[in-house]
K.L.:
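First the structure, then my questions, so here it is.
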There are 2 protein chains.
Amino acid sequence: MTMRKHSAEPRNASLKILEAARAIAAREGAGKITIEAVAKEAGLSKGGVLYNFPTKKALLSGLLDQMLAAHRESLAKVPERQPARTLRGHLETVLQSQDLDDDLSMAILAAAASDPRLLDPLRTELTCDLERILSDAKGSPDAMIAVLAIQGLRFQMLLNLPDGGADIREGVIERLRTIIDELE
Amino acid sequence: MTMRKHSAEPRNASLKILEAARAIAAREGAGKITIEAVAKEAGLSKGGVLYNFPTKKALLSGLLDQMLAAHRESLAKVPERQPARTLRGHLETVLQSQDLDDDLSMAILAAAASDPRLLDPLRTELTCDLERILSDAKGSPDAMIAVLAIQGLRFQMLLNLPDGGADIREGVIERLRTIIDELE
DNA sequence: GGAACTTAACCGACCGGACGGTACAGAGAT
DNA sequence: ATCTCTGTACCGTCCGGTCGGTTAAGTTCC
């Protein structure tokens, strides 16, 4: 029998832990992610966290994996036939994380601060995406401008940098969409 | 006489300390900025560092101040009569930091990780800049796109994210310049 | 069925090291 | 002598990681 073990919650503990880590990062900053804090937030003990993630690096790496998975999923949602498909997906991913209060992007900061090499999987993923985007756009610099603007948007939200107000932001998003539309 | 005390180097020790902090951040990541490490890198002892910066917060804050000062200086270099002057300055600041191996931007990460509130001065500065940029551009969304792209560029370099190669980057820079030129 | 054992999941005390900060003594210059 | 700066020893705390339990569920054998 593959019964769900004896856990009160059927949900995997690892997910709860990652969620807790994101919540802490969003609430108190990436630097406040400690194993004890995560344990408390997730409602179990330090030992429990370390049972699921043998090291803190593994935890942060798990956060990043989760982020990449969400990103990929978001990419997959873009209709097949769209031109500049990957680029559209990038934009949607960022817009989607806009109103998420447990922002996944915070994992980037946490990882970068503790060990920059944790970003390697992110880098390879982005390299792959970028290649596709650039080949889709046939070398138009506007594609790269769009990529950069989207990245800028992400960090702006992440660090609470000024965004010029809601109307400006909407104007930017609209403009980005037309840039992407005109790429083909 | 404002002789520089008895130090072997006439340069202010604070500068050396900040430089050391930047070097460490660039080499090993923002999280590795510790007082001892900075002291060793700067060639003095922990006490020496703490004499110049009474707390670590003060050190990080100093890093950020230095970054903002450099940014302001870079802005001031843009000829008075240029349209979209502030925006041009932003671009130049980023391009300038491109080949600096002790990247100032790393301070942003260090600060954000340890205490997000350290970014407040940066936020107010950017808010001010952004206001000027947007009023210069008279509401054109392209101005904000450019701002975001520049920000994206900064973080791309900071985190060693893929950039599509040198020619792409140059194409982007050129494109950014024409976007800015067309703003007026 | 039930005793004996294994395994999964988790707890929490503890350790060692790192790190921020303090105290204080001493060295130079004036 | 005094003021300014620097070195060093030290303290308390925090944090990552280890480890020996403990509990409950599953498995095996009779």
Side-chain angles (χ1 to χ4, degrees), chain A residues 1-21 24-25 28-64 107 109-115 117-118, chain B residues 1-21 24-25 27-64 107 109-111 113-115 117-118:
Chain A
M1 280 271 184
T2 51
M3 262 287 292
R4 256 286 150 241
K5 318 300 149 116
H6 73 293
S7 174
E9 309 227 5
R11 204 150 94 279
N12 194 334
S14 299
L15 289 182
K16 243 184 357 187
I17 291 170
L18 291 179
E19 195 180 319
I24 290 173
E28 306 172 42
K32 298 294 176 56
I33 296 182
T34 72
I35 295 183
E36 277 170 350
V38 170
K40 193 179 164 194
E41 178 90 16
L44 38 76
S45 76
K46 203 169 163 180
V49 171
L50 283 161
Y51 178 80
N52 288 273
F53 297 94
T55 71
K56 188 181 179 182
K57 255 191 186 137
L59 202 165
L60 293 177
S61 177
L63 263 184
L64 225 60
L109 284 197
S114 102
D115 180 4
R117 267 181 303 175
L118 285 173
Chain B
M1 288 238 176
T2 49
M3 259 291 292
R4 259 294 147 232
K5 321 301 148 97
H6 74 292
S7 172
E9 310 227 3
R11 206 150 91 279
N12 193 334
S14 298
L15 289 182
K16 244 186 353 190
I17 291 171
L18 291 178
E19 195 179 320
I24 290 174
R27 190 177 349 113
E28 306 172 44
K32 299 293 176 58
I33 296 183
T34 72
I35 295 183
E36 278 169 351
V38 169
K40 193 180 164 193
E41 176 90 16
L44 40 77
S45 74
K46 201 171 163 180
V49 171
L50 281 162
Y51 178 81
N52 288 275
F53 296 95
T55 71
K56 188 181 179 181
K57 256 195 184 124
L59 202 166
L60 292 178
S61 178
L63 263 184
L64 225 60
L109 286 197
S114 102
D115 179 5
R117 267 182 303 177
L118 284 172

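Letters A, B, ... are given to chains in the order of the sequence lines, protein chains preceding strands, and every chain is numbered from 1.
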K.L.:
So Leu63(B) and Ile33(B), do their side chains get closer than 4.5 Å, heavy atoms only?
P.N.:
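Of all side-chain heavy-atom pairs linking Leu63(B) with Ile33(B), at least one is under 4.5 Å.
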K.L.:
Would a 4.5 Å heavy-atom cut-off, applied to side chains only, mark Phe53(B) and Leu18(B) as touching?
P.N.:
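SC-SC contact between Phe53(B) and Leu18(B) confirmed.
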K.L.:
Measure OH/Tyr51(B) against P/dA27(C) and give the value in whole Å, please.
P.N.:
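Value for this atom pair: 18 Å.
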K.L.:
Using side-chain contact (heavy atoms from CB on, under 4.5 Å) as the criterion, list what pairs up with Ala113(A), not counting sequence neighbours.
P.N.:
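Ala113(A) satisfies side-chain contact (heavy atoms from CB on, under 4.5 Å) with Ala113(B) only.
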K.L.:
Using atom CG of Asp115(B) as one end and atom P of dG20(C) as the other, report the distance to the nearest whole Å.
P.N.:
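From Asp115(B) CG to dG20(C) P: 14 Å.
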K.L.:
Quick one: Leu44(A) CG to dA8(C) C1', roughly how many Å, whole number?
P.N.:
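Between C1' of dA8(C) and CG of Leu44(A): 15 Å.
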K.L.:
In Å, rounded to the nearest 0.5 Å, how long is the span from CG of Leu118(A) to CG of Leu60(A)?
P.N.:
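Leu118(A) atom CG to Leu60(A) atom CG measures 6.0 Å (nearest 0.5 Å).
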K.L.:
Can you name the side-chain contact (heavy atoms from CB on, under 4.5 Å) partners of Thr55(B), sequence neighbours left out?
P.N.:
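Applying side-chain contact (heavy atoms from CB on, under 4.5 Å) to Thr55(B) gives Lys57(B), Ala58(B).
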K.L.:
For residues 28-37 of chain A, which residue pairs qualify under salt bridge (charged side-chain N to carboxylate O under 4.0 Å, His left out), counting only residues two or more places apart or in two chains?
P.N.:
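Matches after skipping sequence neighbours: Glu36(A)-Lys46(A).
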K.L.:
Among the candidates dT6(D), dG20(C), dA8(C), find the nucleotide nearest to the side-chain atoms of Thr34(B).
P.N.:
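Nucleotide nearest to Thr34(B)'s side chain: dG20(C).
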K.L.:
Anything under 3.5 Å between a protein N or O and an N or O of nucleotides 21-23 of chain C, put it in a table, one pair a line.
P.N.:
| unit_1 | atom_1 | unit_2 | atom_2 | d |
| --- | --- | --- | --- | --- |
| dG21(C) | OP2 | Lys56(B) | N | 2.7 |
| dG21(C) | N7 | Lys46(B) | NZ | 3.3 |
| dG21(C) | O6 | Lys46(B) | NZ | 2.5 |

K.L.:
Please give, in whole Å, the distance from dG20(C) P to Asn52(B) CG?
P.N.:
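So the two atoms are 16 Å apart, to the nearest Å.
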K.L.:
How long is the line joining CD1 of Ile33(B) and C1' of dA18(C), in whole Å?
P.N.:
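Going from Ile33(B) (CD1) to dA18(C) (C1'), I get 16 Å.
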K.L.:
Measure NZ/Lys40(A) against C1'/dC11(C) and give the value in whole Å, please.
P.N.:
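In whole Å, dC11(C) C1' and Lys40(A) NZ are 17 Å from each other.
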